[in-house]
Asker: 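Questions regarding the structure given below will be posed in turn.
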Amino acid sequence: MEKKRLAIIGAGFAGIGAGYEASGYPDYECVVFEKSDSFGGLCGGFSIDGFHFDKAIHLSFAKEEICKHIFFSIPHEVHQPEATNYANGSWIRHPVQNNLRSLPVEERIRIIEGFANRNGINDVAINNYRDWLHLQFGDYFSEHYPEVYTRKYWGTDAERLSTSWCSGRIYQPSLQEVLFGSYPDADQSENVYYAKEMRYPKSGGYSSFVKPVADKIDIRYGYEVSNIDTESRTLTFINGKHYEYDILISTMPLPELLPLVCHDDNITNEAEYLQATSMVLISVGFQRKIKFPSLWFYIYDEDIPFARVNSPSMKSVWNAPQGKSSLQFEVYYSKEHALKYSDEELCEKVLSSMENMYLAARDDVEVIDVRHIKYANVIFYKGMEQHRDNVLKYLANKKIYSCGRFGKWDYLWSDQSFLSGIDAVKGCID
């Protein structure tokens with residue numbers, strides 16, 4: 001009996017997860033098509049002169065047994081999630097809201113007054129993320145910290161976002177916790193980060209967590225899809241090759257996938273409501289070992305373009321040559337908030353800010369690399385979910401099963417993306 005053909009577009013964590021699940025169905029031939037020359041997608045990486053960088057920070061706190069079994073089967077580091085923040089010259093333990101002790105006294109007083117004067121939950125209608133922030137943290141803190149960071153990270157203003165994405169991601173302290181964290185002589189506040197430990201491969205970069213699976217499935221590199229004929233069930237690739245499938249699973253970003261299968265303006269217009277941030281990664285390798293404030297940190301100042309910084313060499317010593325270290329700076333932009341700087345200007349901003357923040361001197365820099373990532377984070381504009389669901393319903397009617405962060409158009413961590421691939425196969429075969 002001839003096997004059915006299951007085609008998977010994309011070899012990111014979702015595509016690898018789908019390939020893993022499909023390997024358990026002997027009646028199916030599974031092929032993963034990847035347009036680049038390596039697996040991992042947004043969780044992949046690159047190397048420059050002995051320095052390795054992932055595409056942004058990437059640490060795993062997977063709790064599902066299947067992900068733990070696969071990801072953590074390889075040698076890995078275990079980190080405590082101790083992050084810091086930088087705002088107006090102050091270094092602040094994360095999260096800021098209950099670690100105010102390092103801020104100037106006047107700033108602490110304003111934040112505490114705003115927190116104490118919050119409206120009761122029954123007195124406020126929560127219509128957007130800004131409303132939610134003010135209810136949780138008061139006016140002053142919301143306006144000067146998370147609302148500022150929202151513009152830098154999400155590429156929009158807080159009032160334009162829904163609250164469907166933030167559950168479990170942002171800590172909501174009590175007044176007692178805020179007060180305790182504001183006293184310089186008090187013991188350090190409990191670490192309230194949403195994960196108690198995070199893991200990272202000892203070697204090979206973050207994508208190595210799925211390498212044991214990727215090595216066992218059929219991944220064909222250099223295959224970028226140019227057309228999908230859902231009637232004949234045929235994929236056409238830019239390299240001129242074709243592949244006939246019985247079942248199609250896609251991890252492509254929905255705005256990229258939809259034009260390949262749909263000529264209905266009513267449906268293609270839905271993609272206009274699906275917006276994502278893009279990201280510039282400025283990756284810096286230093287010629288000596290430098291001690292940084294923490295493994296990663298957040299930057300609130302609006303005149304500093306990067307929103308988040310991480311140290312690959314702290315994640316694993318494998319990421320930098322012996323005796324050297326590294327940092328990676330993330331700058332986000334969107335259709336609404338365009339990128340203001342050229343690559344050369346961003347490099348200069350990084351170098352000058354790095355010195356002003358006492359992270360390192362520009363003379364310490366051995367390599368610096370700039371690259372753009374088109375899709376970084378889904379923007380949760382109010383009402384976005386309805387447009388997304390309309391697109392997913394249309395694709396399902398065409399027998400295309402979508403998964404992954406940009407295939408499901410959701411805020412998925414790497415383990416959730418991997419699981420979404422597994423679920424996509426189960427949903428279309430079982």
Asker: Will you find, in the side chains of Asn390 and Glu270, an N or O donor that is under 3.5 Å from an N or O acceptor?
Answerer: yes
Asker: Please list, chain by chain and in numerical order, all residues satisfying salt bridge (Lys or Arg N to Asp or Glu O under 4.0 Å) with Lys349, sequence neighbours excluded.
Answerer: none
Asker: State whether the side chain of Gln386 and the backbone N or O of Gly383 hold a donor-acceptor pair below 3.5 Å, judged by distance alone.
Answerer: no
Asker: Taking atom types as modelled and ignoring hydrogens, do the side chains of His58 and Asn310 form a donor-acceptor contact shorter than 3.5 angstrom?
Answerer: no
Asker: Could you list the residues that satisfy side-chain hydrogen bond (donor to acceptor under 3.5 Å, both in side chains) with His94, not counting sequence neighbours?
Answerer: Asn85
Asker: With Glu302, which residues qualify under salt bridge (Lys or Arg N to Asp or Glu O under 4.0 Å), at least two apart?
Answerer: Arg151
Asker: Could you please spell out the steps behind the side chain to side chain donor-acceptor pair (under 3.5 Å) verdict for Tyr145 and Glu147?
Answerer: CA-CA 6 Å; Tyr145 293 88; Glu147 286 190 55; over 6 Å; no
Asker: Angle class for the Trp91/Phe297 ring planes (parallel below 30°, perpendicular above 60°, tilted otherwise)?
Answerer: perpendicular
Asker: Applying side-chain hydrogen bond (donor to acceptor under 3.5 Å, both in side chains), can you list everything that pairs with Ser142, at least two apart in sequence or on another chain?
Answerer: none
Asker: Would you say the side chains of Tyr206 and Ser414 form a donor-acceptor pair under 3.5 Å?
Answerer: yes
Asker: Among residues at least two apart in sequence or on other chains, which ones pass side-chain hydrogen bond (donor to acceptor under 3.5 Å, both in side chains) with Ser316?
Answerer: none
Asker: Could I get the full list of salt bridge (Lys or Arg N to Asp or Glu O under 4.0 Å) partners for Lys398, not counting sequence neighbours?
Answerer: none
Asker: Residues two or more places apart in sequence or in another chain: which of them pass salt bridge (Lys or Arg N to Asp or Glu O under 4.0 Å) with Asp369?
Answerer: Arg371
Asker: Suppose we screen for side-chain hydrogen bond (donor to acceptor under 3.5 Å, both in side chains). Which residues come up paired with Asp215, at least two apart in sequence or across chains?
Answerer: Lys211
Asker: Apply side-chain contact (heavy atoms from CB on, under 4.5 Å) to Ala214 and list each qualifying residue two or more places apart in sequence or on a separate chain.
Answerer: Ile16, Phe39, Ile219
Asker: Show me, pair by pair, the donor-acceptor contacts under 3.5 angstrom made by side chains of residues 271-278, not counting sequence neighbours?
Answerer:
from   : atom 1 : to     : atom 2 : distance (Å)
Gln275 : NE2    : Glu272 : O      : 2.9
Thr277 : OG1    : Asn377 : N      : 3.1
Thr277 : OG1    : Asn377 : O      : 3.3
Ser278 : OG     : Lys374 : O      : 2.6

Asker: Are Arg169 and Trp413 in a cation-pi contact, defined as NZ or CZ under 6.0 Å from the six-membered ring centre and within 45° of the axis?
Answerer: yes
Asker: I'd like to know if the side chain of His69 and the backbone of Cys67 have a donor-acceptor N/O pair within less than 3.5 Å.
Answerer: no
Asker: So with a 6.0 Å cut-off around NZ of Lys152, is the heavy-atom count from everything else above 12?
Answerer: yes
Asker: Got Leu248 and Tyr401 here, is their nearest side-chain heavy-atom distance under 4.5 Å?
Answerer: no
Asker: Taking only residues two or more places apart in sequence or in another chain, which ones pass side-chain contact (heavy atoms from CB on, under 4.5 Å) with Asn356?
Answerer: none
Asker: Among Tyr129, Trp165, Tyr149, whose ring pair (Phe, Tyr, Trp, His ring centres under 6.0 Å) with Trp154 holds?
Answerer: Trp165
Asker: For Lys340, enumerate each residue passing the side-chain contact (heavy atoms from CB on, under 4.5 Å) test, keeping only those at least two apart in sequence or located in another chain.
Answerer: none
